There are 2 protein chains.
Amino acid sequence: MSKRSGILEFAVLGLLRESPMHGYELRKRLNTSLGVFRAFSYGSLYPCLKTLVIQGWLIEESVVDSDPPATPLAGRRAKIVYRLTAAGKEHFEELLAHSGPDAWEDEHFAARFAFFGQTSKDVRMRVLEGRRSRLEERLEKMRASLVRTRERLDDYTLELQRHGMESVEREVRWLNELIETERAGRSTTRPESEHAEQDTHDNNQENGGRPENRGTA
Amino acid sequence: MSKRSGILEFAVLGLLRESPMHGYELRKRLNTSLGVFRAFSYGSLYPCLKTLVIQGWLIEESVVDSDPPATPLAGRRAKIVYRLTAAGKEHFEELLAHSGPDAWEDEHFAARFAFFGQTSKDVRMRVLEGRRSRLEERLEKMRASLVRTRERLDDYTLELQRHGMESVEREVRWLNELIETERAGRSTTRPESEHAEQDTHDNNQENGGRPENRGTA
DNA sequence: TTCGTCATGTAATGGGTTACATGATTAC
DNA sequence: GTAATCATGTAACCCATTACATGACGAA
């Protein structure tokens, strides 16, 4: 088992779940839709794709399309398109549902959140709550350490700590709102038109909840 | 040149600047005072210490203290105490003043900030402003990408982006306040003179900023 | 024809972690 | 005497990056 784990694998599977793509495009989506929190390079993406193929989660579809492009933009010749296999899909579901101890860390959480649109409500709740309690643990530690060392620290270090804690607290509040919204319910503001895509995903979640937002202030 | 760069080296030099320590203690301070933003393991710390010694920034002082401990806590026997050399100190100053392109990234910034207590005012200003403009660039990109892709994203992805941007915006406001405080706060800039090597650093700034948050990358 | 973007990859390196191995000292 | 913590280290691996190498295609 290559244990080729990590966020990249997860994100690739998640993106390919929506629709097949080739590496280049995948990378762009990784760095826009998901890229808010992290950027990946080809040097990691391509090798990752290979191992995913080997493991059977993906299949390569060489699109050696040599036709004259119908439209200049749409017809661009794509070399290798990756498509999620049934096994891959299954694997992705497992990853989503799995609650390992590091599943609540910053980047893991963000990656999971990014795919909430394809996640069932109960899993969403577990993820949000898991994250929250992880953050609360962290706050505990910070507070404890602050109490222990308050005197010995200079103002800047203190300010840094304070700022860090405040950030965490804010995220907790954010999670609280999201959780409440999830709980409250349906809302179903889901623009997601389910057209095309021979992809019959029927594990489904009717919902897409519109999370709370908070005015900047 | 080993290019042994990175935050760890920087943080180690910074901590040892305050006072000599041995590895174990160093690591604890790394994960408390500074550890709010990052934790290091022995596996990275000890090798790092070695190369720093080789480069001449540190010297090892074997404290084979075999005396009966005077006080139970204070007298603990320490194996290897590391002390910053003059060259090391110089090097640290250079690192502080240096404004490389990655100097403004999350962790680099946090590390520098943590040592503001021993940093001259002008350097502090440069760091704060550098960080701010880095964040503003980031905001630009986020906004641009948001405009480009707004329609194609589901509500959760959108919420994630929004939350991310808000975090960055908050940090910008925080920086604004800090910068203002620096500007207003006259001095205590801890005169660069350091005529004597006497390192009695009494840095005090009553900064009073009531700043806000920062994001989880 | 040259430049920018699309498109795919590899080798070397980086900066760190985990798990392991070892042993002294203190607290119970 | 045994467990916790102090204290130092090494080897194997992990996940990713950088820099490089290659090449097709469209637009100026």
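Computed from a predicted model, the values in this text were never measured in an experiment. Convention: sequence-line order gives letters A, B, ...; per-chain numbering from 1.
Annotation: side-chain hydrogen bond (donor to acceptor under 3.5 Å, both in side chains) contacts of T157(B) (sequence neighbours excluded): D154(B). Residues satisfying the salt bridge (charged side-chain N to carboxylate O under 4.0 Å, His left out) test with R143(B), not counting sequence neighbours, are E169(B). Considering only residues two or more places apart in sequence or on other chains, R83(B) meets the salt bridge (charged side-chain N to carboxylate O under 4.0 Å, His left out) condition with E61(B). Legend: residues meeting side-chain hydrogen bond (donor to acceptor under 3.5 Å, both in side chains) with E129(B), ordered by chain and number and at least two apart, are R183(B). Residues satisfying the side-chain hydrogen bond (donor to acceptor under 3.5 Å, both in side chains) test with E136(A), not counting sequence neighbours, are none.
Under 4.0 angstrom from either OP1 or OP2 of dT10(D) there lies at least one side-chain N or O belonging to K50(B). Between dT17(D) and S41(A), a contact under 4.0 Å exists linking OP1 or OP2 to a side-chain N or O. Phosphate proximity of dC15(D) to S44(A): absent, as no side-chain N or O sits under 4.0 Å from OP1 or OP2. Within the 4.0 Å cut-off from OP1 or OP2 of dC6(D), at least one side-chain nitrogen or oxygen of K28(B) is found.
With distances taken from any side-chain atom of K79(A) to the nucleotides dA7(C), dA24(C), dT5(D), the minimum falls on dA7(C). Closest to the I80(A) side chain, of the nucleotides dT10(D), dG16(C), dT8(C), is dT8(C). Set against dT8(D), dG9(D), dG9(C), the side chain of H22(B) has dT8(D) as its closest nucleotide. Checked against dG9(C), dA16(D), dT8(D), the side chain of I7(A) finds its nearest nucleotide in dA16(D). When distances are taken from the side chain of F40(B) to each of dA16(D), dT8(D), dG16(C), the shortest belongs to dG16(C).
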* **H22(B) and E60(B): CA distance, side-chain angles, deciding distance, side chain to side chain donor-acceptor pair (under 3.5 Å) verdict** => CA-CA 9 Å; H22(B) 55 267; E60(B) 287 183 14; over 6 Å; no

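To the nearest angstrom, P of dG15(C) lies 13 Å from CD of E107(B). For the pair D102(B) CG and dG14(C) P, the interatomic distance rounds to 14 Å; values are reported in whole Å. Rounded to an integer number of Å, the gap from E25(B) CD to dT5(D) C1' is 14 Å. Rounded to a whole Å, the OH atom of Y46(B) is 21 Å from the P atom of dA12(D). If you take CZ of R27(A) and C1' of dA7(C), they are 12 Å apart, rounded to a whole angstrom. Whole-Å rounding puts the M21(A) CE to dA7(C) P distance at 12 Å. Taking atom CD on E9(B) and atom P on dG15(C), their separation rounds to 9 Å, with Å as the unit. We find that CG of L45(A) is positioned 14 Å from C1' of dT10(C), with the value rounded to whole Å.
Nearer to the 5' terminus of DNA chain D, by closest-nucleotide assignment, is the contact made by Y24(B) (compared with the other of Y24(B) and E60(B)).
The six-membered or imidazole ring of Y156(B) lies away from that of F115(A), with a centre-to-centre distance of 6.0 Å or more. A ring-centre distance under 6.0 Å is found for W174(B) and F113(B).
Among the atoms of the strands shown, none is found under 4.0 Å from any heavy atom of F10(A).
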Polar atom pairs (N or O), protein with nucleotides 19-21 of chain D, under 3.5 Å:
none

